Structures are given as C-alpha cells and as structure tokens.
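Remarks on the structure that follows.
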Amino acid sequence: MDTHTIKAGQRLQVLLTTDSRLHLHKGRLHIWAAPQFLEGVAWQVDTVLSSGALFTAERDGWIELQAIETSELLIQQVESVSWWQSLQQLWHGRPASACHQGGSV
C-alpha cells in the first residue's frame with residue numbers, strides 16, 4: 001500500500017493492475033484512464049473523486065490523477081497473474097489421470 005499527498009494542481013501517473021484500488025481519504029481528484037478501443041471507436045474514463053471515494057481499476061493500465069484540491073490518497077495494488085502463470089496453476093492443479101488417459105485424443 002502506498003500513500004500519496006498531492007497538492008492542488010499537481011498530477012500523478014500510476015500504473016495499476018486489474019482490481020487495484022484508490023481510496024481518497026481527503027480532497028478531490030480528477031482521474032483519466034488510458035483510452036480504450038473497440039471497433040475503431042475510442043473512449044476514455046474521466047472521473048472526479050471526492051473525500052471518502054473508492055476507485056477500482058477495471059483493467060491493467062496507466063491512469064493520470066490531478067488534484068483539484070490537496071488530496072491524500074491510498075493506493076492498494078493487486079498482484080497481477082499473467083495468463084501463463086494461470087495456465088501453469090491450472091495444469092499443475094489437475095490430477096495426473098485427467099492429464100493423460102492413455103488413449104488417443
């Protein structure tokens with residue numbers, strides 16, 4: 001967990017993993033997430049948080065914060081697991097009989 005104090009007008013860029021959280025203890029922040037694209041259309045999350053608000057990252061990526069007024073912010077990062085690590089965990093968690101039945105596929 002990281003705690004940051006951002007003065008009015010200052011900006012902070014943060015790389016977040018999916019499900020990481022920002023908890024604004026005091027102040028007001030403007031948040032911009034990296035643009036998302038779908039079928040040639042781009043959009044960007046643009047949010048203002050006030051004291052006591054909680055923001056949860058929906059996906060991995062950079063966000064930019066700008067303090068509207070001096071703000072105290074707690075960042076709780078969630079450990080990211082790559083698709084390869086997930087596959088390995090699934091593979092090693094399976095019983096040997098499920099991995100090879102001795103027949104053709």
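Just so you know, residue 1 is the first one in the sequence shown, and it goes up from there. Small disclaimer: the values here were computed from a predicted structure and weren't measured.
Closest heavy-atom contact between Glu69 and Gly27: OE2-CA, 3.6 Å. Across all their heavy atoms, Thr70 and Lys7 have their closest contact at OG1-CA, 3.8 Å. The shortest non-hydrogen separation linking His23 to Ala53 is CD2-O, 3.3 Å.
Under the 4.5 Å side-chain criterion, counting only non-hydrogen atoms from C-beta, Leu29 is not in contact with Leu22. Annotation: side chain of Thr18 is not in contact with side chain of Val78 (no heavy-atom distance under 4.5 Å). Proximity of Ile75 to Leu16: side-chain heavy atoms (C-beta onward) are separated by under 4.5 Å at one or more points. Inter-residue side-chain proximity for Leu65 and Gln10 is flagged as unmet; no heavy-atom pair is nearer than 4.5 Å. Looking at heavy atoms from C-beta onward, Val14 lies out of side-chain contact with Asp2 at the 4.5 angstrom threshold.
From Lys26, atom NZ reaches atom OG of Ser51 across 8.5 Å, with rounding to the nearest 0.5 Å. To the nearest 0.5 Å, the span separating CG on Leu73 from CG on Leu49 amounts to 8.5 Å. A distance of 5.0 Å separates CD1 in Ile31 from CZ in Phe55, rounded to the nearest 0.5 Å. Atoms CZ and OG1, from Arg59 and Thr17 in turn, are 13.0 Å apart once rounded to the nearest 0.5 Å.
Side-chain heavy atoms closer than 4.5 Å link hydrophobic residues (I, L, V, M, F, W, Y) into clusters, and following such links, even through other members, never connects Ile63 to Trp32.
In the hydrophobic clustering (ILVMFWY side chains linked at under 4.5 Å, chained through shared members), Leu54 stands by itself.
Thr5 contributes no side-chain N or O that, together with a main-chain N or O of Glu72, makes up a donor-acceptor pair within less than 3.5 Å.
Residues Gln77 and Ser20 bring a donor and an acceptor atom of their side chains to less than 3.5 Å of each other.
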